[in-house]
2 protein chains.
Amino acid sequence: MAKRRSSSSRRPTLVDVAREANVSAITVSRTIRSPELVSQQMRTAVEEAIKKLGYHPDPAASALASKVTNNIALLLPSLTNTVFEDVLDGIYEGCEGTRYFIQIGDTRYSSLKEEALIESFLRQKPAGMIVTGFEQTEKAHAMLSAASCPVVQIMDYGEEPIDMAVGFDHEAAGYAAAVHLLECGYRRPGCLGARLDARSRRRLDGFRAACREAGVWDERRMVTTSQSSSVGLGRHLFEELLSRDEEVDAVFSNNDDLGIGVLMEAQRRMIPVPERLGICSFHDMEMTQHMFPSLTAVATPRNDIGKFAIKMLLDEIAEPQSVKQRSIDTGFKLIQRSSTRSLDRPE
Amino acid sequence: MAKRRSSSSRRPTLVDVAREANVSAITVSRTIRSPELVSQQMRTAVEEAIKKLGYHPDPAASALASKVTNNIALLLPSLTNTVFEDVLDGIYEGCEGTRYFIQIGDTRYSSLKEEALIESFLRQKPAGMIVTGFEQTEKAHAMLSAASCPVVQIMDYGEEPIDMAVGFDHEAAGYAAAVHLLECGYRRPGCLGARLDARSRRRLDGFRAACREAGVWDERRMVTTSQSSSVGLGRHLFEELLSRDEEVDAVFSNNDDLGIGVLMEAQRRMIPVPERLGICSFHDMEMTQHMFPSLTAVATPRNDIGKFAIKMLLDEIAEPQSVKQRSIDTGFKLIQRSSTRSLDRPE
DNA sequence: TTGTATGCGTTATCAC
DNA sequence: GTGATAACGCATACAA
């Protein structure tokens, strides 16, 4: 049944430890935060007292006095987009064993919601902040610039970061996908895009640019929607693409779930992949390689982005301005699989 | 380049607002937290002063004085398991517009890690706590019981909750999957399980029990691993299952990605689904319905679990002991699709 | 309904 | 290298 809310008996404080170790409170505080400033003797005495009493600092008091918490704010545009799972995982890995906690905010791909979240998160005096992309509102940008904590912008690469950044060039990634399809001999490439945040859009731009340069572009074969990406949507957009150009012979999809949707719909319609239709997916989550046929994809280093981001952030928190490379390009990788024709055996 | 860490000029405090409104500090505090205790006059005066000065309470000071933060701790066994995406999303939806922040801890399916996280989260004096399942260590259980905040255990149903709980009966869900396969006429059902946390195991137990009752069970057809679930693993486990019993005619997979892996491997081997092989998946993420053939699955209300959990928690935070139904069974739903034979047209 | 006095547990500052 | 003192900004308890 309902539990009784027990008011736990008083926890030991810094003063208790100080008394136990026959030192002043501030010495205890120092032994914890910067032991190198404390003599060996005191240190061991304090450490014993801490262990004996089972002392643990009170984060609230610490935050009040120092004006910084141990929280790291993380702003993500979506929690259900699998793309961010791996980023999140990388970030959490990097946090393990540290004293920092992650506080996630879901901006739902809205710059305004992001702005509001940045404001309320900043009020909490986080030790650091990670935000997604470069598309902050002017006000949000100003707040982040003025923030007293380090900031990392993730997922994207190219623009001048507010403070630090790690990601890759989405336009180049889209371009690379197109180049691959063209090299495979496809001549009527189409392109599916969902959500259409700034990064998505740049992938499409890159794809379009490459196709134009090759003289094979037709804007009708660009099918987009503001709906959020899903397998069902992939099927749907592919149907739309077919209705616009029945002879489309290759598809670049902006996201893995779209790509899988295309494959499924192609199977339903008995369109042979990769012979009659080439498919190049984006992100390359675990699943894509196990599809039948396996999907060619632009693989993005999502876990690495998370890891780099948290590392930069923690380094910078530990020692301000110590991070030298403040903008990291993680790159991406095109992985050819069975959903596009091999160069060795063109049709 | 590197930003300058500006030390923002002093923010207005409660006292500033009080001075501006010609009232005492505590009146300001009250207008914010329990306006009904303040006279109309004072209230408007205070509210104006707040707006004029752009005052926002300092969470750290509030936490120190009141011994409670606005953080809600959430312990999840995995961040990359898509199952928890929807739970998370439901929780965040329920938090929107409130003053609460979610702090996620990743237990990596380890009770010991969970115990450590519970301890360190509790130290932060959260307003509430959400943990996954009923399998806490004795110590963790004790800490949660003694905690001064409400606690919700999610995902599971059946046991006596520490405080509150919301989820479904996993054994019954596994049982239902078996019943369905049997009703479809399959007679050599197998079962794939990854990860094998307590809930996974109970699903398998339920499945096995139903098959036993029908007299069609062979333990060789239970293929499990402690590895974490993935599509690749699904293919692999299915291969193993085939090697143990070539004539297996149906598979229940513990997780959608396993189920998709089975389907993909079946396609590779040209095993007709659902004629020669029935597949019943678990959880029913968006993708399963779009596979070709679409996958029959036990659908679990993950988003609802998140929503219920946060609602119970917030209600209980607002008014202790106000939540009457402290244990909620969300149920589950078997959705028949094309990967199992229809009853109308048995083979 | 409103206000006063005091404490929350830590850290910054400056002196020793 | 160590310590005394004074914040930090708000909420509790109690009084008026």
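A, B, ... follow the sequence lines: proteins, then strands. Residue 1 opens every chain.
Protein chain A contacts DNA chain C from C:dG9 to C:dA12, reading 5' to 3' and using non-hydrogen atoms of the protein with a distance under 4.0 Å. A 4.0 Å heavy-atom criterion places the boundary nucleotides of DNA chain D facing chain B at D:dG9 to D:dT12, written 5' to 3'.
Comparing B:K125 and B:V38 against DNA chain C, the residue whose closest nucleotide sits nearer the 5' end is B:V38. Nucleotides of DNA chain C nearest to B:L64 and B:V23 differ in position, and the one nearer the 5' end is that of B:V23.
Screening residues 38-49 of chain A for salt bridge (Lys or Arg N to Asp or Glu O under 4.0 Å), with sequence neighbours left out, gives no hits. Screening residues 85-132 of chain B for ring-ring contact (aromatic ring centres under 6.0 Å, His included) gives A:F101-B:F121, A:F121-B:F101 as the qualifying pairs, with residues at least two apart or on separate chains.
For B:F308, there are no ring pair (Phe, Tyr, Trp, His ring centres under 6.0 Å) partners two or more places apart in sequence or in a different chain. Take A:D86 and apply the salt bridge (charged side-chain N to carboxylate O under 4.0 Å, His left out) test, not counting sequence neighbours, and it matches A:R302. Every residue two or more places apart in sequence or in another chain was checked for a side chain to side chain contact (heavy atoms under 4.5 Å, CB included) with B:N22, and none qualifies. For A:E159, there are no side-chain hydrogen bond (donor to acceptor under 3.5 Å, both in side chains) partners two or more places apart in sequence or in a different chain. For A:K52, the side-chain hydrogen bond (donor to acceptor under 3.5 Å, both in side chains) partners are A:E20, not counting sequence neighbours. Scanning for side-chain hydrogen bond (donor to acceptor under 3.5 Å, both in side chains) contacts around A:N71 gives A:Q103, B:Q103, with sequence neighbours left out. In this structure, B:S39 has no side-chain hydrogen bond (donor to acceptor under 3.5 Å, both in side chains) partners at least two apart in sequence or on a different chain.
Across all strands shown, B:R30 has heavy atoms under 4.0 Å from base atoms, whether or not it also approaches the sugar-phosphate.
Residues A:R108 and B:E96 are paired through a salt bridge, judged by an N-O separation under 4.0 Å between the basic side chain and the carboxylate.
Of the residues in residues 40-59 of chain B, those lying under 4.0 Å from DNA chain C by heavy-atom distance are B:M42.
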